[in-house]
Number of protein chains: 2
Amino acid sequence: MESVVEAARGRKPEEVKSAARVLEVLELLGVQGARLSLAEMAAAMSVPKSSLHAILRTMEARKWVDLDPSGTRYGIGLKALLTGTAYLEGDDVTSLAGPVLDALAEETGEAVHLGRLDGTHVVYLAKRESRHALRMYSAVGRRLPAHATGLGKAVLSQFDHAEVQRRLDWPLERLTPSTVTDPDAFLAQLAETRLRGWAVDDGENSVDIRCVAVALGGGQGMDAISCSAPKSRMDDARLEEVAQAVTEAAHSLSTLLKRLGQH
Amino acid sequence: MESVVEAARGRKPEEVKSAARVLEVLELLGVQGARLSLAEMAAAMSVPKSSLHAILRTMEARKWVDLDPSGTRYGIGLKALLTGTAYLEGDDVTSLAGPVLDALAEETGEAVHLGRLDGTHVVYLAKRESRHALRMYSAVGRRLPAHATGLGKAVLSQFDHAEVQRRLDWPLERLTPSTVTDPDAFLAQLAETRLRGWAVDDGENSVDIRCVAVALGGGQGMDAISCSAPKSRMDDARLEEVAQAVTEAAHSLSTLLKRLGQH
DNA sequence: CAACGTCATTCGGTCTTCTGAACGGCCGAA
DNA sequence: TTCGGCCGTTCAGAAGACCGAATGACGTTG
């Protein structure tokens, strides 16, 4: 008889409580790099300590979380590493993209990413490093707000305005002084992107990084590829040049995927 | 009243059943690249379909598993990608190892790995690709039997014979014709490794790949680094040369870790 | 066309887990 | 030392998950 509480939290009664909590623990430890104590996690999740205790014991026994030497702070365990990479191996887009990304990285000499829209964020699925000493930081599995990335805008530009408004969290979070947070300006950018065929990020999530991105799948996918570089190596002329290369790579990858889908 | 069953399975009663099942699902979908139906998973886990159904619904709602277009086969979901990379970022060894691995890869020109012993297997935590066109396949998160890898033998050589016998599953699994499966021969190899300071894998997990590995942490860690190459590029003389480079890299990384631990 | 196999899904009684409060250990402050 | 705060841990009542059998939906085969 906690229907009031459940309704207030918006949880469906079809959820298995401890299953959901296991996943919440993993997500909590995943977004924070830091280690957390049982009490801290219980507070963050609004769950009784005693309930969480039993769950963490189960997870610890299976090495999905581990305790630091002092025995009081939990972190992600070794077993968790297996699943993430399994997602990548089982995914058609990621496994087909390898050679295309290699070629694009080779051609441009800059950092190349494959990303996927997941809710309001973009997840990096694959990357290729730049050849230059000055590199941007990124990592597979990392999440960035979609509205502040080239990858995100490339995918979002495929939807109409109403759909975009439904998918994002408003107001848009500001990451740098250049982040576009005004709704009208943002939607105008998406319209421009749709016409042009490629999206631009001009220092909107990392100061000094410019990025060009193109969506995959011919208008209905959640994936995009991008090429990023410091402003010092990416003036307007170079941006157009890179945009051509990214567009071609996106087309050839989309074609590969289409063949796979038909078969 | 299932104490008999529980005892027969060796499960502690302190485990939370659905929590353990969530983890089992993730591990099952993780080792198999393939997608599985609910019925297949229920059979593989010896769990009633109806119970698993509720759990999978919970996991699907949170994108930890996803259904293929037909709606009948489950695979790992996008959220699972987050945790694996978080483990790597939060780990001292992995985050410190980067520059050392870069340098070793640069110096040898061959594939370099950082691995950790987990039970009977070794998990790759980081890798650097070879510069050559002919490359070995490997991936962060992948697990290989410890007894058939240089990394595993480097770590295991730190333990005495009784400890090794306790830690491995006997009889040793054969992966290639060269895999050492005889207990005496295997223990003799470890003794040799201990004296020499570095371990060798001569086509024991992949035909045609030779590998040199050195343990980190000065005798009490679970980690090791290695350098692998096809036999065609790794004759006995080259092996000794590479072993020197790997040993030096391991020492400098161990020193870095010791400083961190003291502080 | 019908019968079958396989699949996900539902349902209510039973049994497990969840819960909140109380406990014991540990550290730093007074 | 003694106190206070915080940690993980335990326990018995209360709430919810688990299970097996039955159902419905699909695609395939005879």
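Chain A is the first sequence line, chain B the second, and so forth, proteins listed ahead of strands; every chain is numbered from 1. What you see is a predicted model; the values in this text were computed from it and never measured.
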Passes side-chain contact (heavy atoms from CB on, under 4.5 Å), A:Val164 versus A:Leu187? Steps please. CA-CA 8 Å; A:Val164 171; A:Leu187 291 173; 3.9 Å; yes
N/O (side chain, [X]) to phosphate O (OP1/OP2, [N]) under 4.0 Å:
X       : N      : result
B:Ser18 : D:dC18 : yes
B:His53 : C:dA8  : no
A:Arg21 : C:dT17 : no
A:Lys17 : C:dT19 : yes

Taking for each residue the nucleotide of DNA chain D bearing the nearest heavy atom, is the 5' side occupied by A:Ser37 or by B:Ser50? A:Ser37
Between B:Ser51 and A:Tyr74, whichever has its closest DNA chain D nucleotide further toward 5' is A:Tyr74
Any idea which of [options] is nearest the [X] side chain?
X       : options               : answer
B:Leu38 : D:dT9, C:dC18, C:dT9  : C:dT9
B:Thr72 : D:dG8, C:dC7, D:dC19  : C:dC7
A:Ala39 : D:dT9, D:dC7, D:dC18  : D:dC7
A:Pro48 : C:dT9, C:dT10, C:dG20 : C:dG20

Worked check of side-chain contact (heavy atoms from CB on, under 4.5 Å) between B:Asp68 and B:Tyr74: CA-CA 7 Å; B:Asp68 69 353; B:Tyr74 290 91; over 6 Å; no
Just the rounded figure in Å: distance from C1' of D:dA21 to NZ of B:Lys49. 10 Å
Output the rounded distance in Å from CD1 (A:Ile55) to C1' (C:dT16). 14 Å
Determine, step by step, whether A:Glu173 and A:His147 satisfy the side-chain contact (heavy atoms from CB on, under 4.5 Å) criterion, reporting the C-alpha distance in whole Å, the side-chain angles of both residues, the deciding distance to 0.1 Å, and the verdict. CA-CA 8 Å; A:Glu173 186 191 356; A:His147 70 275; 4.1 Å; yes
What's the shortest heavy-atom distance between B:Val65 and B:Leu56, and which atoms? CG2-O, 4.0 Å
